[in-house]
Peer 1: 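This is the structure I have questions about; it appears just below.
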2 protein chains.
Amino acid sequence: MCIAGGNIAQFERSLSGEWDRAEGPRTSLRHVRAHDHLFFEGDQRTHLFLVESGWVKLYRTLVDGQRQVVGFANAGSVLGFESEEDHLNGCEAITPVSVRAIPVGRLSEMCARNGKFAEYLLNQIGRQLGAAQAQLAAVGTQSAEQKLASFLLSICRLCGATRGGEFDLPMRRGEMAEFLGLRLETVSRKMSEFQRRGWIRMSSLYHCCIVRRDILAELAQGGSAEDHPMMRSA
Amino acid sequence: MCIAGGNIAQFERSLSGEWDRAEGPRTSLRHVRAHDHLFFEGDQRTHLFLVESGWVKLYRTLVDGQRQVVGFANAGSVLGFESEEDHLNGCEAITPVSVRAIPVGRLSEMCARNGKFAEYLLNQIGRQLGAAQAQLAAVGTQSAEQKLASFLLSICRLCGATRGGEFDLPMRRGEMAEFLGLRLETVSRKMSEFQRRGWIRMSSLYHCCIVRRDILAELAQGGSAEDHPMMRSA
DNA sequence: CGCGCGGTTGATCAACCTCAACCCGCGTGG
DNA sequence: CCACGCGGGTTGAGGTTGATCAACCGCGCG
């Protein structure tokens with residue numbers, strides 16, 4: 001499974017580095033409410049974004065209205081490099097988010113001035129690429145059950161679950177479905193099934209507790225989840 | 001559909017730029033035969049690679065032996081950024097290939113010395129990321145028929161088909177299947193079906209002629225194929 | 001109260017996978 | 001020369017998975 005969090009530690013290091021101090025005044029900080037868009041598919045790509053806090057999802061819509069979430073991103077992530085003229089992804093905040101906006105025209109100059117900054121960007125994008133490829137492998141080859149198992153484990157880890165694997169799902173069934181390349185009914189069914197089998201327990205629609213991590217892990221195995229590089233993030 | 005060719009024009013420009021002249025002597029050129037590996041999954045990531053000619057495929061293998069091709073790359077592409085310690089992808093040449101190898105340790109220094117180089121890398125990786133996301137959307141939402149239609153159109157364009165849409169498939173049925181997230185029987189069946197319906201004509205197993213481009217395009221529509229940024233490459 | 005939204009559940013169906021047979025071209029060795 | 005095996009491809013029958021369509025639940029809210 002493939003949830004491409006940025007590497008926050010690395011990000012902090014960069015933030016305190018000289019490139020940020022120098023450029024800070026020339027980049028603007030924006031705050032976005034949960035469920036608002038940072039940009040839409042087809043918007044002109046005027047800025048690149050550094051996520052400073054919160055989570056966003058990146059998605060694409062096909063003509064028939066089907067959506068596929070192609071990634072999640074959090075603090076440390078860099079957005080906008082996957083497109084050229086116009087944004088190919090839509091980007092929606094799933095939590096309150098703050099981002100730093102860099103005009104595309106300024107990128108070249110910033111890279112030239114500070115190699116460390118460029119290197120940081122390269123690492124971030126590389127990470128996202130790795131995550132996208134991992135999800136590709138997952139969506140392409142795993143069954144609904146495997147996808148869901150991997151997904152739950154990923155989210156659990158990312159949310160920094162308490163002892164005993166309790167955590168809150170940060171999204172609705174439909175969003176999970178869009179990410180996993182399934183229909184929301186399928187997600188719902190499988191969630192129920194996992195519960196019925198005693199693998200997880202849901203105290204509310206969104207609060208989840210993993211009871212049989214071993215079984216989920218076994219399922220997910222094929223296992224891009226456990227040892228996935230992107231999962232080292234949060 | 002998503003075949004992430006590098007941007008050759010851009011690559012040539014870079015090649016003739018100062019960074020290559022300066023670094024040329026410090027990077028080594030390697031030649032790889034078709035079907036040989038540049039690196040395997042799990043190999044230590046000692047070098048990054050710039051593809052100078054030929055085509056490679058990048059893939060991941062799940063524990064159960066299922067493989068998913070996560071991308072193709074040609075001249076101009078940069079390989080290795082998606083991993084950290086070890087390579088997460090296997091990389092196999094599908095044609096004879098020549099690559100320039102850059103020791104990972106030298107990257108930082110090269111970026112610092114020349115901002116243009118860093119910028120070039122950023123663009124390349126961004127392109128690959130966009131391609132991976134596009135394929136993700138395709139694999140996650142399209143039917144077998146749609147996938148195959150998009151795929152044929154992509155390949156056709158990439159191979160620089162002659163008048164009338166004739167070209168050679170550079171791979172076997174099984175490889176197409178691995179890329180599209182299908183079984184090779186399904187690919188075979190659909191290929192036959194396309195022929196039976198007169199949409200394509202196969203003079204040999206690998207030589208293909210697109211007869212009804214309009215229909216294939218219509219099918220593929222949902223259409224990440226036609227207006228896909230990665231397709232501007234070759 | 002009525003309504004809408006998100007979720008669950010059931011019945012049905014098509015798409016795709018699985019397994020197995022079979023074809024064809026090719027190289028090898030008897 | 002032919003028999004044979006092998007790799008790659010095609011085709012068929014049958015089974016599963018997951019999508020589709022539709023009903024229904026529970027809840028919050030005007």
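Keep in mind it's a predicted model, so treat the numbers as computed, not measured. In what follows, chains are A, B, ... by sequence order, proteins preceding strands, each numbered from 1.
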Peer 1: Of the residues in residues 197-207 of chain A, which ones touch DNA chain C at a heavy-atom distance under 4.0 Å?
Peer 2: L205(A), Y206(A)
Peer 1: Can you name the salt bridge (charged side-chain N to carboxylate O under 4.0 Å, His left out) partners of E175(B), sequence neighbours left out?
Peer 2: K57(B)
Peer 1: Generate the contact string for nucleotides 15-21 of chain C. Rules: B means base contact, S means sugar-phosphate contact only, - means no protein heavy atom under 4.0 Å.
Peer 2: -SSBB--
Peer 1: Atom CZ of R172(A) to atom C1' of dT8(C): distance rounded to whole Å?
Peer 2: 17 Å
Peer 1: Can you name the residues that form a salt bridge (charged side-chain N to carboxylate O under 4.0 Å, His left out) with R45(B), not counting sequence neighbours?
Peer 2: none
Peer 1: Quick one: salt bridge (charged side-chain N to carboxylate O under 4.0 Å, His left out) pairs with a partner in residues 190-205 of chain B, sequence neighbours left out?
Peer 2: E145(B)-K190(B), K190(B)-E193(B), E193(B)-R197(B)
Peer 1: For DNA chain D, note the earliest and the latest nucleotide, 5' to 3', having some atom under 4.0 Å of a heavy atom belonging to chain A.
Peer 2: dG18(D) to dC21(D)
Peer 1: Among residues at least two apart in sequence or on other chains, which ones pass salt bridge (charged side-chain N to carboxylate O under 4.0 Å, His left out) with D168(B)?
Peer 2: none
Peer 1: Checking F81(B) now: which residues fulfil ring pair (Phe, Tyr, Trp, His ring centres under 6.0 Å) with it, not counting sequence neighbours?
Peer 2: none
Peer 1: Considering residues at least two apart in sequence or located in another chain, which fulfil the side-chain contact (heavy atoms from CB on, under 4.5 Å) criterion with L205(B)?
Peer 2: R173(B)
Peer 1: My understanding is that only residues two or more places apart in sequence, or in another chain, count here; which of them pass salt bridge (charged side-chain N to carboxylate O under 4.0 Å, His left out) with R212(B)?
Peer 2: D214(B)
Peer 1: Apply side-chain contact (heavy atoms from CB on, under 4.5 Å) to D86(B) and list each qualifying residue two or more places apart in sequence or on a separate chain.
Peer 2: Q44(B)
Peer 1: For S53(A), what residues pass the side-chain contact (heavy atoms from CB on, under 4.5 Å) criterion, not counting sequence neighbours?
Peer 2: S98(A)
Peer 1: Testing the basics here: between F151(B) and M171(B), what is the closest heavy-atom pair and its distance to 0.1 Å?
Peer 2: CZ-SD, 3.7 Å
